[in-house]
Amino acid sequence: MKSNQEPSTRRTIMMILKTRGPASVSDLARELNLTEMAVRRHIQALEQEGMLLAETVKIPTGRPYLRFRLSEQAEEYFPHNYHQLAIDLLDELDEEDIARVFEGRKRKLLSRYQPLMEQQTLGERVATLTDIQQNSGYMASYEQTRPDEFTIYEFNCPINRVADQYNVACHCEQELFETLLGAKVTRTECIAKGGQCCVYRIQK
């Protein structure tokens, strides 16, 4: 039983680092509800496989600590089987844990992109968000339909297969847009639900 659980836990660690970025042993232990000793064993195995890299984080007070991130080798592991891997990993989690994964991703993206949109008008925020989505592979564009109304179009969805099975992915993305834009966002069409593209109507 133990040999079956260990690879599963290591895949989950990789998924957490992929979706949330670098993390310490204590961060991973809290997330996985495991002891730090158990997490270190999985981390060591992943390091030996070349999947993880360690970086030292210095803090103003206290001792520096190690934080782990995915290596280039690990990043190559995801694209070749990304959708099925993500679905397999999520299938191992319960509904509450799945929601927590996507909420964590949303918080990470908010902290990354919100500073870019400070002091911007709604139109400027829409343009900035469209550029972000375009650079993330969504093939995004937008148009202004009224003075205070815009529409964002996404003609590709990198997480389509995941979103098809887990509606929380689309829900979190819509909430992300609303928070970043400070506006009402309505999804009128969705690729994961059979649409030609994802369409977001934005109203001040």
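Not measured: the values here are computed from a predicted model. Sequential numbering from 1 along the given sequence is applied to the chain's residues.
Closest approach of Arg187 to Cys190, counting heavy atoms only: CD-CB, 3.6 Å. Closest approach of Ala140 and Gln134 over heavy atoms only: N-OE1, 2.8 Å. Taking all atoms of both residues into account, the shortest heavy-atom contact from Met14 to Ala74 is CE-CB, 4.1 Å. Residues Phe150 and Gly123 come closest through the heavy atom pair CZ-CA, 3.5 Å.
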**Message:** Thr151 vs Glu143, test: side chain to side chain donor-acceptor pair (under 3.5 Å). Steps then yes/no.
**Reply:** CA-CA 5 Å; Thr151 302; Glu143 65 176 350; 4.8 Å; no
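Under the side chain to side chain contact (heavy atoms under 4.5 Å, CB included) criterion, Asn33 pairs with no residue at all, not counting sequence neighbours. Residues that satisfy the side chain to side chain contact (heavy atoms under 4.5 Å, CB included) test with Glu103, not counting sequence neighbours, are Lys106, Arg107, Cys172, Glu175.
Other residues, nucleotides and ligands place no more than 12 heavy atoms under 6.0 Å from the CZ atom of Arg105.
Side chains of Tyr166 and Asp91: a donor on one and an acceptor on the other come within 3.5 Å. Tyr153 and Glu189 share no donor-acceptor pair across their side chains, judged by distance under 3.5 Å alone. Side-chain polar atoms of Glu173 and Tyr200 form a donor-acceptor pair below 3.5 angstrom. Remark: the Asp27 side chain and the Ser24 side chain contain an N/O donor-acceptor pair separated by less than 3.5 Å. No side-chain N or O of Glu36 forms a donor-acceptor pair with one of Ser26 less than 3.5 Å apart. A donor-acceptor contact under 3.5 angstrom links the side chains of Glu154 and Gln133, judged on distance only.
Without hydrogens or angle criteria, Arg125 side chain to Gln120 main chain gives a donor-acceptor distance under 3.5 Å.
A salt bridge does not link Lys184 with Glu178: every distance from a Lys NZ or Arg NE/NH1/NH2 to an Asp or Glu carboxylate oxygen is 4.0 Å or more. A salt bridge links Arg69 to Glu55: at least one charged side-chain nitrogen sits closer than 4.0 Å to a carboxylate oxygen.
Using a 4.5 Å cut-off on side-chain heavy atoms (C-beta onward), Ile16 and Leu32 make contact. Side-chain contact between Leu129 and Ile152 is present, with heavy atoms from C-beta onward closer than 4.5 Å.
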